[in-house]
2 protein chains.
Amino acid sequence: MELAEGKQKFIEAWGRIGSEWGINRTMAQVHALLLISPDALTTEEVMDELNISRGNANMTLRDLINWGLIEKQHKPGERKEYFAADKDIWNVARQVAKERKKRELEPMLKVLKELSTVEGDKNDKAYATFNKSVTDINKLANNADSMIDTMLKAEESWFWGSVLKIFK
Amino acid sequence: MELAEGKQKFIEAWGRIGSEWGINRTMAQVHALLLISPDALTTEEVMDELNISRGNANMTLRDLINWGLIEKQHKPGERKEYFAADKDIWNVARQVAKERKKRELEPMLKVLKELSTVEGDKNDKAYATFNKSVTDINKLANNADSMIDTMLKAEESWFWGSVLKIFK
DNA sequence: TTTTATTTTCAATAATATTTGAAAGTTTAG
DNA sequence: CTAAACTTTCAAATATTATTGAAAATAAAA
């Protein structure tokens, strides 16, 4: 396969995966484009490569910065802003885990904690069932939370080494 | 907090989490409702509890069955169908992991494998950058795939016991 | 200061996804 | 068989989300 075709496929695939995970397609595509670009790109270049409007490109680039996945750069003597992705995939994975933990897992844990204070009669089937589900999900979510904390601190080789060693 | 209020909050929270993960809100809410129901419910009951239409309830219940999260039940002498959720949260987690692996991770791995066959000159920066990203993502995705395979086979206590032991 | 290059905003529009509800389909009981 | 109970389908309506593009804001250069 030719490089040009490969690029297209990569951008498309990354966009599809993104939207299956609640990340908007354009955002994932811009990220993909920057991941495979050796040099930082301008807003204009992103617009042209992906055929999107200026407004869209601007907002999407800002979102990617907020997710900690890309950064603004400036070239000496130039006025335009350039954008470059963090190319370390392990950093990308950690950054995404970190953001989703903050945006989703933590609020969920807060709700679950609150819900585990619901009082009731243990002989009431409705209460017992509610309580069991809430408690069990709470435990699972806390385990996931701990695992993510470790992942955030870990080096890639160490993390997968340790995890996969057990799983042989 | 009262049980009734707790139920509402749980259904709402589960629905929100679901939609952040690309699962439609109603589907997550119906799942939540069944998770905390001691008894199997009919389509009619689901419609009433969540204020949704018959068509919506029917399609959503079917989707949940396809995800392996709930099952149809029949009561002797009754004509109606009843629906009950698998209450084992570890099963739920595994089932979701299994489906997403099949629907998303595996197709992604296929594309990445294809993309790693793109030929080019190692001194070409564009090719080198493309190749590095594709290769690195491929490795990460394969590790994730192995981890999910293990999770699918594992008992909950064993899985978290092993994982969290390392992560102290 | 004025001009020009560049970025940001946001109301309007377009695209996508979800939901409804009524009709058609199916199954069981009489 | 026919009627009643129940389930499924799907085109149309709604709701949600993403995108555009042009005007406003900002910042550097002249």
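As the structure is a prediction and not an experimental result, all values here were calculated from the model. Naming convention: chains lettered A, B, ... in sequence-line order (proteins, then strands); numbering from 1 in each chain.
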Check the surroundings of atom NZ in B:Lys139: do more than 12 heavy atoms from other residues, nucleotides or ligands lie under 6.0 Å from it?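 Not buried by this count: 12 neighbours or fewer within 6.0 Å.
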Surrounding NZ of B:Lys98 (heavy atoms of other residues, nucleotides or ligands, distance under 6.0 Å), is the total greater than 12?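 No, the 6.0 Å shell around NZ holds no more than 12 heavy atoms from other groups.
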Does NZ or CZ of B:Arg100 lie under 6.0 Å from the centre of the six-membered ring of B:Trp21, at an angle within 45° of the ring axis?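 Pair B:Arg100/B:Trp21 does not count as cation-pi.
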Can you list, in residue-number order, the parts of residues 18-29 of chain A that come under 4.0 Å of DNA chain D, counting heavy atoms only?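 Going residue by residue through residues 18-29 of chain A, the ones with a heavy atom under 4.0 Å of DNA chain D turn out to be A:Asn24, A:Thr26.
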For DNA chain D, which residues of residues 65-84 of chain B approach it to below 4.0 angstrom with any heavy atom?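 Those residues whose heavy atoms fall under 4.0 Å from DNA chain D, taken from residues 65-84 of chain B in numerical order, are B:Lys72, B:Arg79, B:Lys80, B:Glu81.
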Has [X] got a side-chain atom pairing as donor or acceptor with [Y]'s backbone, closer than 3.5 angstrom?
| X | Y | answer |
| --- | --- | --- |
| A:Gln8 | A:Glu5 | no |
| A:Thr117 | A:Glu114 | yes |
| B:Ser37 | B:Ala40 | no |

To check you understand the geometry: which heavy-atom pair defines the closest contact between A:Ala57 and A:Met47, and what is its length?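 Distance-wise, the nearest heavy atoms are CB-CG, 3.7 Å.
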Nucleotide range of DNA chain C contacted by chain A, 5' to 3', under 4.0 Å to a heavy atom?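 Answer, 5' to 3': C:dT4 to C:dC10.
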Listed partners of A:Lys75 passing side chain to side chain contact (heavy atoms under 4.5 Å, CB included), at least two apart: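 Testing A:Lys75 for side chain to side chain contact (heavy atoms under 4.5 Å, CB included), a comparison that skips the adjacent residues, returns A:Glu78, A:Tyr82.
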Which residues share a side chain to side chain contact (heavy atoms under 4.5 Å, CB included) with A:Ser19, sequence neighbours left out: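 By the side chain to side chain contact (heavy atoms under 4.5 Å, CB included) rule, A:Ser19 matches A:Arg25.
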Please determine whether a side-chain nitrogen of the Lys or Arg among B:Lys80 and B:Glu44 lies less than 4.0 Å from a carboxylate oxygen of the Asp or Glu.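 Not counted as a salt bridge, because no side-chain N and carboxylate O are separated by less than 4.0 Å.
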Please list, in numerical order, the residues of residues 43-59 of chain A that have a heavy atom closer than 4.0 Å to any atom of DNA chain C. A:Arg54, A:Gly55, A:Asn58, A:Met59
Hydrophobic clustering (ILVMFWY, side-chain heavy atoms < 4.5 Å, transitive) - are A:Ile70 and A:Met59 grouped together? no
What verdict does the side-chain hydrogen bond (donor to acceptor under 3.5 Å, both in side chains) test give for B:Glu155 and B:Trp90, after you've listed the backbone C-alpha separation in whole Å, the side-chain angles of each residue and the deciding distance to 0.1 Å? CA-CA 8 Å; B:Glu155 284 299 315; B:Trp90 182 241; over 6 Å; no
